[in-house]
Amino acid sequence: MTRVFVTRPIAESALAKLRGAAEVDLWAEPEVPPSRAELLARVPQAEGLLCLLTDPIDEEVMSAAPGLRVISNYAVGYDNIDVAAATRRGVMVCNTPGVLTETTADLAWALLMAAARRVPEGERYLRAGKWRSWSPELLLGHDIHGRVLGIVGLGRIGQAVAKRARGFGMRVLYHNPEPKPEAERELGVKYADLDTLLRESDFVSLHTPLNEKTRHLIGERELGMMKPTAVLVNTARGAVVDTKALVAALKGRRIFAAGLDVYETEPLPADDELLACDNVVLLPHVGSATVATRERMAHMAVENLIAGLKGERPPHLVNPEVLS
Ligand code: DGY
């Protein structure tokens, strides 16, 4: 029977479906990914791999799995996979787009609002027993309604974030490799070059994939262009932002605050400088973490894997050129 390696427990209903189609070798630790050595040791017999964004799948892993035909990533982002190497080897790479769009957009807004209105800081203050009285200057934040939202990357998630801004009466600017006239008409958003967007926005929310063009897209120069009252939100990939430059901007109060769900190093090291900044809201990469969405992602990843293993075109194939 076809053998697959699944690098973490996912929704049981999806695993049951996969067990009906293949012999499943499951890495059973929910919060500890297989180490490099363990990953290399578990893949040699695998024809299919269902992996997570925490598993770097490169040439070495693929060489260790000579029978590998399909890599199904349980994520929309696939920067953990060397897609070019997979394509050269005729291995299909799949992802889970669409199902997590609205859930991730909700979380981007949660971070935006929490950072602008200093929600976690206020809770920490109250729990520490510091609240003495209602006070005119206590924990002042910045208004969200009527302000300017800048969206970097107007893909599915960027558009879902823009849609929510309507309820707040915001003006929305966006930057994208190519302008999107249809989205402009539908959502009332306006294209801007990156520098203009950074200068004019009160909130900048990042929604680009991570690739060589977007790595450290937001660095010292870009942070320096933002308003001192601005908030930066990142639910995309940590390396889109130069963390050192961000820490300096937060410490120097060159921007007001940031809301982050993703980091250049995950998990965030216990001594990371971000942890010492009080004007940043930090979440542990949970953009798509709702019961319903994670279940849909699991089913989608399994459906991609099963289709590929049957020799069919998976519904969400990242490298269709592999079939030609
Ligand atoms: C993704 O899918 O790429 C997210 O980062 C995790 O859901």
Side-chain angles (χ1 to χ4, degrees), residues 6-11 14-15 27 30-34 49-58 70-83 86 92-112 151-161 176 205-218 232-241 243 258-268 274 281-305 314-319:
V6 179
T7 65
R8 218 72 62 75
I10 56 170
L15 278 177
W27 180 260
E31 285 185 36
V32 184
L49 181 61
L50 196 154
C51 55
L52 272 58
L53 54 87
T54 45
D55 306 312
I57 308 299
D58 55 14
V70 190
I71 301 170
S72 180
N73 214 32
Y74 176 88
V76 62
Y78 47 86
D79 46 281
N80 57 310
I81 301 171
D82 184 341
V83 178
M92 294 183 238
V93 177
C94 314
N95 68 340
T96 62
V99 286
L100 47 77
T101 299
E102 302 295 334
T103 303
T104 307
D106 286 348
L107 192 93
W109 269 91
L111 282 171
L112 184 158
I151 294 183
V152 180
L154 198 72
R156 290 185 192 85
I157 300 172
Q159 292 187 33
V161 169
N176 200 59
S205 193
L206 306 177
H207 301 286
T208 62
L210 175 64
N211 53 45
E212 283 324 305
K213 288 201 178 116
T214 61
R215 187 174 297 278
H216 286 193
L217 182 69
I218 306 297
L232 178 72
V233 175
N234 190 6
T235 54
R237 284 292 182 266
V240 175
V241 177
T243 312
L260 308 177
D261 186 41
V262 288
Y263 308 90
E264 290 199 72
T265 306
E266 294 185 8
L268 201 59
L274 281 167
V281 181
L282 304 167
L283 289 178
H285 204 150
V286 289
S288 62
T290 66
V291 175
T293 293
R294 286 287 163 85
E295 180 152 0
R296 284 200 291 267
M297 285 167 68
H299 279 272
M300 203 176 215
V302 162
E303 281 154 21
N304 280 332
L305 187 54
H316 302 284
L317 181 62
V318 166
N319 57 345

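Indexing begins at 1, ligand by ligand and atom by atom, following the structure's order.
The shortest non-hydrogen separation linking Thr7 to Pro34 is O-CD, 3.6 Å. Between Val83 and Val93, the shortest heavy-atom contact is CG2-CG1, 4.4 Å.
Residues passing the side chain to side chain contact (heavy atoms under 4.5 Å, CB included) test with Thr101 are Arg156, Ile157, Ala160, sequence neighbours excluded. Applying the side chain to side chain contact (heavy atoms under 4.5 Å, CB included) test to Val32 and every residue at least two apart in sequence or in another chain returns Glu29.
Listed by first and then second residue, the salt bridge (Lys or Arg N to Asp or Glu O under 4.0 Å) pairs that reach into residues 282-303 are Lys17-Glu303, sequence neighbours excluded.
Counting only N and O atoms by type, the side chains of Thr214 and Arg237 include no donor and acceptor under 3.5 Å apart.
Pocket lining of ligand 1, defined as residues with a non-hydrogen atom under 4.0 Å away: Leu53, Ala75, Val76, Gly77, Leu100, Arg237, His285, Ser288, Met297.
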